[in-house]
Q: 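The structure under discussion is supplied below as structure tokens; questions concerning it will follow.
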Amino acid sequence: MSETLQAVRGMNDVLPDQTAAWQLLERAAREIFAQYGYREIRLPLLERTELFKRSIGELTDIVDKEMYTFRDRGDDSLTLRPEATAGIVRACISNGLLHNQRQKVWLMGPMFRYERPQKGRYRQFHQIDAEALGYPGPDVDVELILMTARLWRVLGLRGLKLHLNSLGTPASRVVYRAKLVEYFRAHAAVLDADSTRRLEGNPLRILDSKNPAMAAVIAGAPLITDYLDAESAAHFATLCSQLAEAGIDFLVNPRLVRGLDYYSRTVFEWVTTDLGSQDAVCSGGRYDGLVAQLGGEAVPATGWALGEERIVELMRLQGLTRDEGSPDV
């Protein structure tokens with residue numbers, strides 16, 4: 001008898017008795033997007049590898065270690081999308097959607113990263129993305145966060161906490177980067193291999209280290225919020241004020257830097273203590289320089305992505321997976 005074939009490691013089947021929770025989440029998201037005026041966009045799973053190198057950053061773990069990249073018969077380097085934002089920006093540029101226009105769009109579908117499979121982290125995973133392009137003010141950052149808060153309420157999810165930070169502008173980060181390099185060089189003896197590698201290329205990424213042995217040295221590092229330019233500081237203050245007025249509790253976390261190079265100013269994560277080490281269920285922020293970086297005119301932009309597998313697992317743990325029809329949005 002021939003060997004029974006199994007699914008590829010880290011790429012999971014979703015069986016019929018599991019799909020109700022997925023449908024509940026996706027239906028709620030679609031209805032909320034419609035109410036806020038966000039329209040669906042559907043994109044290829046494959047993009048040119050250069051798109052992700054130019055947007056995410058060549059020194060990131062995603063590009064350096066995790067992408068599914070290959071050459072096709074025409075010798076073009078192609079990559080299964082590891083995230084959605086770069087593809088959405090590429091589509092808006094190449095289809096002329098940003099010529100004297102602003103766009104609010106959403107996308108739902110699979111992403112691919114070659115990571116070590118564990119609970120809450122898979123090689124094929126599914127995201128729901130919301131992106132607003134052409135909007136410079138903190139009010140749109142607030143809107144995007146309010147959409148996520150509304151989704152948690154509709155689904156009945158409990159215990160999610162919002163963490164916020166500002167990364168400032170590229171110019172202000174140059175000053176902060178110099179201070180950070182100076183600090184970590186003075187503590188070079190305690191840096192692990194990954195942090196030593198990142199020190200010259202992207203020292204902010206050291207702040208995102210999950211190595212417990214690095215916790216003490218990271219805790220003593222300079223804070224990026226102490227080096228914000230005046231405009232970024234005002235943007236962040238307005239964001240925090242408007243969230244407080246809307247009744248959204250949050251924690252300002254100056255160590256939150258996110259794992260992608262294109263972020264500027266606002267960054268945020270919704271986290272939970274119910275999923276172990278994979279605590280972030282929805283992450284996002286502002287990426288004002290990305291459109292120009294990918295060949296378009298300078299257009300401000302902001303957005304977020306949530307991991308469907310993590311939200312569905314959280315729904316299961318909190319007893320919210322039964323399907324009782326359309327949620328009350």
Side-chain angles (χ1 to χ4, degrees), residues 25 28-29 32-33 35-36 38 83-85 104 106 120-121 127-132 135 137-168 204 207-208 210 218-219 223-225 228 232-260 262-288 301-315 317-318 320 327 329:
L25 166 59
I32 289 172
F33 289 144
Q35 291 172 352
Y36 280 86
Y38 286 69
E83 59 97 46
T85 302
K104 291 183 176 181
W106 64 270
R121 175 174 287 180
Q127 284 188 344
I128 300 174
D129 280 65
E131 313 287 347
Y135 298 86
D139 54 322
V140 178
D141 299 358
V142 172
E143 175 183 86
L144 284 157
I145 292 172
L146 291 178
M147 288 166 61
T148 58
R150 186 167 192 175
L151 182 59
W152 312 149
R153 178 182 62 77
V154 167
L155 296 174
L157 290 171
R158 305 178 299 276
L160 288 167
K161 305 296 183 184
L162 176 63
H163 288 198
L164 288 178
N165 195 20
S166 177
L167 301 182
L204 270 72
L207 301 176
D208 205 31
K210 302 300 188 291
I218 289 173
L223 301 179
I224 195 168
T225 45
L228 294 181
S232 294
H235 183 108
F236 191 57
T238 301
L239 169 70
C240 293
S241 174
Q242 291 185 4
L243 287 174
E245 289 175 6
I248 303 296
D249 293 330
F250 59 88
L251 171 70
V252 175
N253 178 359
R255 299 304 185 204
L256 178 60
V257 296
R258 303 287 293 115
L260 309 176
Y262 53 62
Y263 283 113
S264 60
R265 293 192 174 159
T266 306
V267 288
F268 65 88
E269 287 185 346
W270 286 96
V271 301
T272 177
T273 59
D274 292 346
L275 296 177
S277 62
Q278 305 306 315
D279 59 347
V281 299
C282 178
S283 306
R286 183 161 283 280
Y287 49 96
D288 289 343
T302 184
W304 54 253
L306 67 81
E308 289 196 70
E309 281 86 353
R310 295 184 189 181
I311 294 293
V312 167
E313 176 63 10
L314 195 57
M315 291 167 64
L317 291 171
Q318 296 187 5
L320 304 170
V329 178

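Predicted, not measured: the structure shown is a model, and the values here were computed from it.
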Q: side-chain contact (heavy atoms from CB on, under 4.5 Å), that's the test. Do D139 and Q242 meet it? Break it down for me.
A: CA-CA 8 Å; D139 54 322; Q242 291 185 4; 4.0 Å; yes
Q: Are E143 and Y36 close enough that some pair of their side-chain heavy atoms sits under 4.5 Å apart?
A: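 With C-beta onward as the side chain, the pair touches.
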Q: Ignoring hydrogens and geometry, is there a side-chain-to-backbone donor-acceptor pair from S241 to A237 under 3.5 Å?
A: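 Answer holds: no.
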Q: Say whether W304 and T148, considering side chains only, have a donor N or O and an acceptor N or O under 3.5 Å apart.
A: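 No donor-acceptor contact under 3.5 Å links the two side chains.
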Q: Would you compute the distance between atom OG of S283 and atom CG of L256 and round it to the nearest 0.5 angstrom?
A: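 One finds 7.5 Å between OG of S283 and CG of L256.
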Q: Using a 4.5 Å cut-off on heavy atoms from C-beta on, say whether the side chain of L223 contacts that of R255.
A: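 When only atoms from C-beta onward are counted, L223 and R255 do touch, with a gap below 4.5 Å.
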Q: Find the distance between OG1 (T272) and CG (L317) and round it off to the nearest 0.5 Å.
A: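 The CG atom of L317 is 8.5 Å from OG1 of T272, to the nearest 0.5 Å.
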Q: I'd like to check D141 versus H235 (side-chain heavy atoms, cut-off strictly below 4.5 Å). Are they in contact?
A: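 A side-chain contact exists here, since the closest heavy-atom pair is under 4.5 Å.
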Q: Got a donor-acceptor contact below 3.5 angstrom from the N253 side chain to the H163 backbone?
A: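 A pair under 3.5 Å: no.
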Q: Under the 3.5 angstrom rule, does the side chain of R310 hit a backbone N or O of L275 as a donor-acceptor pair?
A: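 Judged by distance alone, no pair lies under 3.5 Å.
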Q: Report yes if the side chains of T273 and D279 come closer than 4.5 Å at any heavy-atom pair, otherwise no.
A: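 No; the side chains remain at least 4.5 Å from each other.
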Q: Are any non-hydrogen side-chain atoms of Y38 and M147 less than 4.5 angstrom apart?
A: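 A side-chain contact exists here, since the closest heavy-atom pair is under 4.5 Å.
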Q: Give me the atom names and distance for the closest heavy-atom approach of L162 to D249.
A: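 Reported closest heavy-atom pair: CB-O, 3.7 Å.
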Q: Is there a side-chain contact between L157 and V281 (heavy atoms, below 4.5 Å)?
A: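 No; the side chains remain at least 4.5 Å from each other.
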Q: Verify side-chain contact (heavy atoms from CB on, under 4.5 Å) between V252 and F236, making sure each step is shown before the conclusion.
A: CA-CA 10 Å; V252 175; F236 191 57; 4.0 Å; yes
Q: Indicate the atoms forming the closest heavy-atom contact of F33 with D129, along with that distance.
A: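 Looking at all heavy atoms of both residues, the shortest contact is CZ-O, 4.2 Å.
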Q: Are the side chains of L306 and L151 in contact, using a 4.5 Å heavy-atom criterion?
A: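 Result yes, sub-4.5 Å side-chain heavy-atom pair found.
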Q: Kindly compute the distance separating CD (E313) from CD (Q318), expressed to the nearest 0.5 Å.
A: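 If we round to the nearest 0.5 Å, E313:CD and Q318:CD are 10.5 Å apart.
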Q: If you measure from CG on L146 to CZ on R153, what distance do you get to the nearest 0.5 Å?
A: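 Answer rounded to 0.5 Å: 11.5 Å.
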Q: Please name all residues satisfying ring pair (Phe, Tyr, Trp, His ring centres under 6.0 Å) with Y287, sequence neighbours left out, ordered by chain then number.
A: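 Partners of Y287 by the ring pair (Phe, Tyr, Trp, His ring centres under 6.0 Å) criterion, ordered by chain and then number, come out as Y262.
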Q: How far apart are the closest heavy atoms of L228 and A233, and which atoms are they?
A: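 Here L228 and A233 meet closest at CD1-CA, 4.1 Å.
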Q: Given the rule in the side-chain contact (heavy atoms from CB on, under 4.5 Å) test, do W152 and W270 qualify, once you have shown the distances and angles that lead to the verdict?
A: CA-CA 10 Å; W152 312 149; W270 286 96; 3.2 Å; yes
Q: Testing the basics here: between Q127 and A305, what is the closest heavy-atom pair and its distance to 0.1 Å?
A: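 Scanning both residues completely, I find the closest heavy atoms to be OE1-CB, 3.7 Å.
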Q: Can you give me the closest heavy-atom contact between T302 and G285, atom names plus distance?
A: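 Looking at all heavy atoms of both residues, the shortest contact is OG1-O, 3.2 Å.
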Q: Which residue pairs pass the salt bridge (Lys or Arg N to Asp or Glu O under 4.0 Å) test when at least one of the two sits in residues 267-278, sequence neighbours left out?
A: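 Matches after skipping sequence neighbours: R258-E269.
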Q: Could you report the tightest heavy-atom contact between A132 and K104, atom names first, then the distance?
A: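 Of all heavy-atom pairs spanning A132 and K104, the closest is CB-CG, 4.2 Å.
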Q: Between L243, V267, I248, which is the residue that forms a side-chain contact (heavy atoms from CB on, under 4.5 Å) with L164?
A: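 Single side-chain contact (heavy atoms from CB on, under 4.5 Å) partner of L164 among L243, V267, I248: L243.
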Q: Indicate yes or no for a side-chain donor-acceptor contact from E131 to the backbone of A301 under 3.5 Å, with no hydrogens or angles considered.
A: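 It does not hold such a pair.
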Q: Is any side-chain heavy atom of I224 closer than 4.5 Å to one of L204?
A: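 They are in contact (side-chain heavy atoms under 4.5 Å apart), so the answer is yes.
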